[in-house]
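Structure record follows, encoded as structure tokens.
All chains are named by letter (A, B, ...) in the order of the sequence lines, taking the proteins before the strands, and each is independently numbered beginning at 1.
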Number of protein chains: 2
Amino acid sequence: MAMQDFSRSLPMRLYRALAVVMPRFRRIFAKAGLTEQQWRVLRVLWEQPSVPQSALVELTLIPAPSLIGVLDRLTVAGLVERRRGTDDRRVVEVAATAAGRALEERLMPDVQATYAELRASLDESTWRALETGLDELIRAQRPREGAAAAQARARHSTGEDIA
Amino acid sequence: MAMQDFSRSLPMRLYRALAVVMPRFRRIFAKAGLTEQQWRVLRVLWEQPSVPQSALVELTLIPAPSLIGVLDRLTVAGLVERRRGTDDRRVVEVAATAAGRALEERLMPDVQATYAELRASLDESTWRALETGLDELIRAQRPREGAAAAQARARHSTGEDIA
DNA sequence: CGCATTTAATTCATATATTAATCTTTAACC
DNA sequence: GGTTAAAGATTAATATATGAATTAAATGCG
């Protein structure tokens, strides 16, 4: 069962795809003094008046511990605001400030143009096959419902650490 | 030109694909006390007696400044060795030690099995379409030959900083 | 030969990722 | 109604990413 070349494994292809695609976008973000993660947060906040922090984790794919720092810096820059939820005081609601929202008009044109170029670099059928393949992969591998709970339960039941 | 949902953009789909795929692999690496990047380096070194560090950057997709630290830790762990090139004393040749090579047999079975599961979660045609789509994207976006050199040249000729 | 350029590593400063642990607030349940 | 467990956010420790700058060795060329 000859193992294929490591560089041709699916994960490495995914990493390489991002490595060739993202630098052009980051150059755009950098013009506004934003990192890629800061951009992602703003990009999501532009679509809604306010978003619970836990939802931001899912929508931006920024891990919770990292998001803390990203929001800290965005807050210091005056681009976002945090508020404690009124009914449930555990949740933190995040919203873009006026300055944060102003960046949308400044950045989206270039980003859209670059995205259009990206899309135009593949023919329509290949592009769609790529999107479909990614979606199916995500759906197939996405942790089953209740997996986390089941795992937590298991952790409490038996020994767990089999060195 | 209604912008699509951010989560459905190609970059976010790529990030999400990695996010759902890699955790299972990382759990395997962790059993041997390896991080994902340390694994990648070893995985490449298993295929050859020795690899120049610059080649490792390309093959593992670990940026040069990060690779320094990864190799430091692998060296301390006794899993790899560094040697200065004999003809060209700028290059650093990296090779796996006996201990480093021993990890191959310990890790590859689980990794292969998990990879097989991953592959089996999609039908053959979808899997291949995904691979093809990624390859075409990479080929289309890969910086053109001489782009770096041309860029460096341009940087020295004219003003460059157009704020 | 001697100098300007390139190449390969490395360093630096800052930002983010990963995993585990902690803390507070809710929800659940007897 | 009080105790226990779960959810959401945060902290902590370590590892890696990113972009700019630096160093040392090799190369091109007048």
Side-chain angles (χ1 to χ4, degrees), chain A residues 15 18-19 22-23 25-27 29-31 33-41 51-58 60-74 76-77 82-94 146 148-153 155-157 160-161, chain B residues 15 18-19 22-23 25-27 29-31 33-41 51-58 60-74 76-77 82-94 146 148-153 155-157 160-161:
Chain A
Y15 280 125
L18 282 165
M22 294 313 296
F25 287 104
R26 292 200 195 103
R27 277 192 285 274
F29 308 152
K31 283 185 189 173
L34 296 178
T35 64
E36 183 186 340
Q37 287 78 3
Q38 291 169 356
W39 148 267
R40 280 195 235 166
V41 168
V51 179
Q53 193 166 314
S54 57
L56 269 184
V57 167
E58 170 59 20
T60 63
L61 298 183
I62 297 171
S66 301
L67 187 56
I68 302 286
V70 175
L71 291 178
D72 283 348
R73 287 176 282 275
L74 282 172
V76 168
R82 290 191 261 207
R83 275 181 209 154
R84 278 287 165 185
T86 51
D87 58 329
D88 188 336
R89 303 196 47 75
R90 287 173 300 181
V91 321
V92 171
E93 289 281 337
V94 185
Q151 212 171 4
R153 241 174 290 128
R155 203 179 307 131
H156 283 285
S157 61
E160 173 69 21
D161 26 36
Chain B
Y15 281 126
L18 281 165
M22 294 313 297
F25 287 104
R26 292 202 194 101
R27 277 193 284 275
F29 307 152
K31 283 185 189 172
L34 296 178
T35 65
E36 183 186 341
Q37 287 76 3
Q38 292 170 354
W39 148 267
R40 280 195 235 166
V41 168
V51 179
Q53 193 168 312
S54 57
L56 268 183
V57 167
E58 170 60 19
T60 63
L61 298 183
I62 297 171
S66 302
L67 187 56
I68 303 285
V70 174
L71 291 178
D72 283 348
R73 288 177 280 275
L74 282 172
V76 168
R82 288 191 263 208
R83 275 181 208 156
R84 279 287 166 183
T86 51
D87 58 330
D88 188 336
R89 302 197 47 77
R90 287 172 304 182
V91 321
V92 170
E93 290 281 336
V94 185
Q151 213 170 5
R153 241 174 291 127
R155 204 179 308 131
H156 283 284
S157 60
E160 171 71 17
D161 25 37

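Nucleic acid contact class of Ser54(A) (heavy atoms, under 4.0 Å, all strands): sugar-phosphate only. Residue Asp87(B) is classed as a sugar-phosphate contact, given heavy-atom separations below 4.0 Å to backbone atoms only.
If you find the closest nucleotide of DNA chain C to Pro52(B) and to Arg89(A), the one lying nearer the 5' end belongs to Pro52(B). Mapping Val57(A) and Asp88(B) onto DNA chain D by nearest heavy atom places Val57(A) closer to the 5' end of the strand.
Comparing dA17(C), dA9(D), dA9(C) by their closest approach to the side chain of Ile68(A) singles out dA9(D). Checking dA9(C), dA15(D), dT10(D) against every side-chain atom of Arg84(A), the shortest atom distance belongs to dT10(D). Side-chain proximity of Arg90(A) to dT10(D), dG19(D), dA6(D): nearest is dA6(D). Picking from dA9(C), dT19(C), dG8(D) the nucleotide with the shortest atom distance to the side chain of Val91(B) gives dA9(C). Considering only the side chain of Ile62(A), dA17(C) comes nearest among dA17(C), dA20(C), dT16(C). Comparing atom distances between the Pro65(A) side chain and each of dA20(D), dA17(C), dA12(D) picks out dA12(D) as nearest. Among the nucleotides dT19(C), dT16(C), dC12(C), the one closest to the side chain of Thr35(A) is dT16(C). The side chain of Val70(B) has dT16(D) as its nearest neighbour among dT19(C), dA17(C), dT16(D).
Within the 4.0 Å cut-off from OP1 or OP2 of dT18(D), not a single side-chain nitrogen or oxygen of Gln37(A) is found. Contact annotation: Arg26(A) side-chain N/O to dT18(D) OP1/OP2 distance is under 4.0 Å.
Counting all heavy atoms, side chain and backbone alike, Leu61(B) lies closest to Pro63(B) at O-CD, 3.6 Å.
Atoms CG (Leu67(A)) and P (dA12(D)) sit 18 Å apart, rounded to a whole Å. Rounded to whole angstrom, the span from the OH atom of Tyr15(A) across to the P atom of dA17(C) amounts to 12 Å. Spacing between atom CZ of Phe25(B) and atom P of dT19(C) amounts to 14 Å, rounded to whole angstrom units. Between Asp72(A) atom CG and dA15(C) atom P the separation is 11 Å, expressed in whole Å. Whole-Å rounding puts the Leu18(A) CG to dT18(D) C1' distance at 15 Å. As rounded to whole Å, 11 Å separates atom P of dT18(C) from atom CG of Leu61(A). For the pair Leu74(A) CG and dT16(C) C1', the interatomic distance rounds to 13 Å; values are reported in whole Å. The interatomic distance linking Arg27(A) (CZ) with dT18(D) (P) rounds to 13 Å, in whole Å.
By the side chain to side chain donor-acceptor pair (under 3.5 Å) test, Glu93(A) is found to be paired with Ser50(A), residues two or more places apart in sequence or in another chain being considered. Applying the salt bridge (Lys or Arg N to Asp or Glu O under 4.0 Å) test to Arg89(B) and every residue at least two apart in sequence or in another chain returns nothing.
Gln38(A) contributes atom CD, which lies 4.5 Å from atom CG of Leu74(A) (distance to the nearest 0.5 angstrom). Here Phe29(A) contributes atom CZ and Thr35(A) contributes atom OG1; the two are 9.0 Å apart, rounded to the nearest 0.5 Å.
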Problem set entry | side-chain contact (heavy atoms from CB on, under 4.5 Å) evaluation trace for Gln53(B) with Val91(B) | CA-CA 7 Å; Gln53(B) 193 168 312; Val91(B) 321; over 6 Å; no
